[in-house]
Amino acid sequence: MSSAMSASSDLSKTVRDKYMCLPQGDKVQVTYIWIDSTGEGLHCKTRTLDSEPKGIEDVPEWNFYGYSVYWPDGSNKDMYLMPVCLFRDPFTLDRNKLVLCEVLRHNREPTGTNLRSSCRQVMEQAGHSYPWFGMEQEYLLLGIDKHPFGWPKNGYPATEGLHWCGVGTNKVYGRDIAECHYKACLYAGVKIAGTNAEAMPSQWEFQVGPCEGIAMGDHLWMARFLLHRVCEDFGVVATLDPKPIAGNWYGAGCHTNFSTDAMRNKGGLQHIEEAIEKLSKRHSYHIRMYDPKGGADNSRRLTGTHKTSSIHEFSAGINNRNASIRISHQVGQDGCGYFEDRRPAANCDPYAVMEAITRTCVLNEMEPVPTVPPSPCPAPCLPALTSVRPCGTSTCASLRGTRCRSPTFGSMAPEKACAARQGPWTRSPRASKVSVVA
């Protein structure tokens, strides 16, 4: 066994399988899964039910001692586990189940990190727009010594660029883990859409969606749980840190694709442009909601390099991966579809991201709402965001009030917009008016 691998991974799986194949009669194992008070960690425990639950209503609520999982506040540490979404168990197999739970305090009020509760209310208010989400979860594989899996112990792997969607022993590390995770998600019923090797060696991404409303957060959290469980079997660690390796290496995000019924249908491009204008006016609010430390984690990642935008300013563009909001060429050609918000960090709470986007783009909220990430970072941790100011030219009609690094979406043709922009307004490669056909 490698010193970088966990001791548990060296236990005999053959011996384990002898027991896992034993019959269990009519009894069913149900594993309850919940998010702890950090807003990032997952916990689970298992109980026996007398029969297979056919739906979430058949799974009883449970409880746990909150102090053991970072809930030190308050005199009463008992917490309730409220089942909300049921999945098949790919580890103990049918008829056993996994159930995602909300956490309530002893008084049955949501805990500070139960962001699903407020997100669900927002999704209900926005139900008429049929909001769809798709999230791209990046992660990095580490040994238990916190060294990237497969990297030389006294050096660095080859230059980035060979690894993205790569094939070959010298280009990708950990494919077995990614593929086993994919299969586990499919078995469980998670709406996983795909997976690929990412730009940094040992870095991978999987995509979940499209999901409507609250289901997006449920399925992404379950996919994260399955990832961590699969990694247990292989003796490695999956980190969602937004900048796991300092220096000239890519970070890890959770790019979020969003659309409403109006955006997906004929003439939807206009609705997408309107949504981007709304987003431009609430950049600081979204940054606070896009990682569990109120933007501090993302400040290490959103530097304007390595295919990220700057945390200090809002930007948008056609197929521009250095922008806050990216519009694909296909959407520009079709005149409808979705937009991609590239700002959320890999360790974001999807419920917080979904709620923020929906509040801004569908419910048309303009002022920051009271809901904040569970562990807001002290002010010194997050660099001050650049204050927005109007461009003052007709080329910024669709994003007026925003300081953009890329041409914004106005009525002019891209080349005229570029010529009209002077002073601090510079053209970013591949950014253009979204209605142009590439």
Side-chain angles (χ1 to χ4, degrees), residues 9 13 16-17 20-21 24 28-35 42 44 46 52-56 58-59 83-101 116 132-141 149 164-167 172-198 202-240 252-257 259 338 346 348 350-351 353-354:
S9 67
K13 304 304 179 185
R16 175 183 181 274
D17 289 343
M20 296 305 292
C21 293
Q24 57 189 59
V28 175
Q29 294 172 287
V30 178
T31 299
Y32 288 59
I33 300 155
W34 69 95
I35 305 163
L42 286 165
C44 69
T46 304
E52 179 182 2
K54 302 302 181 182
I56 197 66
D58 297 328
V59 182
V84 294
C85 199
L86 193 63
F87 296 86
R88 297 167 70 194
D89 189 337
F91 306 108
T92 59
L93 307 181
D94 289 339
R95 298 171 287 137
N96 301 314
K97 305 295 182 183
L98 305 175
V99 61
L100 185 68
C101 301
R116 187 184 189 276
W132 286 8
F133 299 87
M135 301 186 82
E136 307 167 22
Q137 178 69 68
E138 295 177 335
Y139 62 94
L140 180 68
L141 297 175
F149 177 75
W164 185 79
C165 295
V167 177
V172 293
Y173 314 138
R175 188 184 298 275
D176 285 350
I177 297 168
E179 291 185 343
C180 290
H181 172 249
Y182 200 158
K183 284 284 193 177
C185 285
L186 291 173
Y187 184 95
V190 170
K191 293 184 178 179
I192 188 169
T195 189
N196 59 269
E198 266 299 332
S202 298
Q203 187 181 47
W204 291 83
E205 173 185 298
F206 63 87
Q207 304 89 33
V208 176
C211 298
E212 184 173 327
I214 198 68
M216 179 69 253
D218 296 344
H219 282 250
L220 185 62
W221 272 115
M222 185 55 65
R224 288 176 174 178
F225 171 80
L226 294 175
L227 175 63
H228 294 309
R229 279 286 283 104
V230 168
C231 284
E232 282 186 28
D233 286 342
F234 285 94
V236 299
V237 176
T239 177
L240 306 187
C254 191
H255 303 155
T256 301
N257 303 279
S259 69
Y338 66 96
C348 70
Y351 299 127
V353 174
M354 295 157 54

*Asks:* Tell me if the CH2 atom of Trp132 is crowded by more than 12 foreign heavy atoms within 6.0 Å.
*Replies:* no
*Asks:* How long is the straight-line distance from SG of Cys21 back to CZ of Arg16, given to the nearest 0.5 Å?
*Replies:*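 Atom-to-atom, Arg16:CZ and Cys21:SG are 9.5 Å apart.
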*Asks:* Using the side-chain contact (heavy atoms from CB on, under 4.5 Å) rule, take Asn257 and Glu136 through it: C-alpha gap first, then chi angles, then the decisive distance, then the call.
*Replies:* CA-CA 8 Å; Asn257 303 279; Glu136 307 167 22; 2.9 Å; yes
*Asks:* Output the distance between atom OG1 (Thr31) and atom CG (Asp89), rounded to the nearest 0.5 Å.
*Replies:*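 It comes to 5.5 Å.
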*Asks:* Output the distance between atom CZ (Phe91) and atom CE (Met20), rounded to the nearest 0.5 Å.
*Replies:*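 If I round to the nearest 0.5 Å, the distance is 10.0 Å.
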*Asks:* Kindly determine whether Cys254 and Leu220 satisfy side-chain contact (heavy atoms from CB on, under 4.5 Å), including the steps that lead there.
*Replies:* CA-CA 10 Å; Cys254 191; Leu220 185 62; 4.0 Å; yes
*Asks:* Just how far is it from atom CZ of Phe206 to atom CE of Met135, taken to the nearest 0.5 Å?
*Replies:*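 These two atoms lie 10.0 Å from each other.
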*Asks:* Assign the ring pair Tyr139 / His181 to parallel, tilted or perpendicular, where the plane angle (0 to 90°) is split at 30° and 60°.
*Replies:* perpendicular
*Asks:* If you measure from CZ on Arg95 to CD on Gln29, what distance do you get to the nearest 0.5 Å?
*Replies:*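 Here the rounded value is 10.5 Å.
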*Asks:* Are a donor atom and an acceptor atom from the side chains of Asn96 and Gln24 found within less than 3.5 Å of each other?
*Replies:* yes
*Asks:* Report yes if some heavy atom in the side chain of Trp221 is under 4.5 Å from a heavy atom in the side chain of Cys85; otherwise report no.
*Replies:* no
*Asks:* Distance from Leu86 atom CG to Lys97 atom NZ, nearest 0.5 Å?
*Replies:*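 Result: 5.5 Å between the selected atoms.
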*Asks:* What are the two closest non-hydrogen atoms of Ala188 and Pro90, and how far apart are they?
*Replies:*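 Taking every non-hydrogen atom into account, CB-CD, 4.2 Å.
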*Asks:* Side chains of Thr256 and Met354: closer than 4.5 Å at any heavy-atom pair?
*Replies:*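 No, every pair of side-chain atoms sits at 4.5 Å or beyond.
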*Asks:* Do you know which two heavy atoms are closest between Ala197 and Gly166, and how far apart they sit?
*Replies:*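 So the minimum-distance heavy-atom pair works out to CB-N, 4.2 Å.
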*Asks:* Would you mind reporting whether Asp94 and Glu52 have side-chain heavy atoms less than 4.5 Å apart?
*Replies:*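 SC-SC contact between Glu52 and Asp94 ruled out.
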*Asks:* Take Trp204 and Val172 through the side-chain contact (heavy atoms from CB on, under 4.5 Å) test and state the conclusion after the steps.
*Replies:* CA-CA 9 Å; Trp204 291 83; Val172 293; 4.3 Å; yes
*Asks:* If every non-hydrogen atom of Thr195 is compared with every non-hydrogen atom of Ala178, which pair is closest and at what distance?
*Replies:* OG1-CB, 4.4 Å
*Asks:* Are the side chain of Glu138 and the backbone of Gly253 linked by a donor-acceptor contact shorter than 3.5 Å?
*Replies:* yes
*Asks:* Any side-chain heavy atom of Leu140 within less than 4.5 Å of one from Phe149?
*Replies:* no
*Asks:* Quick check: closest heavy atoms across Cys101 and Tyr32, and the distance to 0.1 Å?
*Replies:*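 Heavy atoms of Cys101 and Tyr32 come nearest at SG-CD2, 3.6 Å.
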*Asks:* Suppose we screen for side chain to side chain contact (heavy atoms under 4.5 Å, CB included). Which residues come up paired with Leu93, at least two apart in sequence or across chains?
*Replies:* Tyr187
*Asks:* Determine whether a donor-acceptor pair (N or O, by modelled atom type, separation under 3.5 Å) exists between the side chain of Thr46 and the backbone of Cys44.
*Replies:*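 No, because the side chain of Thr46 does not come within donor-acceptor range (under 3.5 Å) of the backbone of Cys44.
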*Asks:* Do the side chain of Asp233 and the main chain of Val230 share a donor and acceptor less than 3.5 angstrom apart?
*Replies:*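 The answer is no, because no donor-acceptor pair under 3.5 Å joins these two groups.
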*Asks:* Testing Glu205, Arg224, Gln207 for side chain to side chain donor-acceptor pair (under 3.5 Å) with Gln137, which one passes?
*Replies:*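 Running side chain to side chain donor-acceptor pair (under 3.5 Å) over Glu205, Arg224, Gln207 with Gln137 returns exactly one hit, Arg224.
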*Asks:* Might you point out which heavy atoms bring Val208 and His219 nearest each other, and give the distance in Å?
*Replies:* CG1-CB, 3.8 Å
*Asks:* Before giving the answer on side-chain contact (heavy atoms from CB on, under 4.5 Å), spell out for Tyr173 and Leu141 the whole-Å C-alpha distance, their side-chain angles and the decisive distance to 0.1 Å.
*Replies:* CA-CA 9 Å; Tyr173 314 138; Leu141 297 175; over 6 Å; no
*Asks:* Might you point out which heavy atoms bring Val237 and Cys231 nearest each other, and give the distance in Å?
*Replies:*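 For Val237 and Cys231, the tightest heavy-atom pair comes out as C-SG, 4.5 Å.
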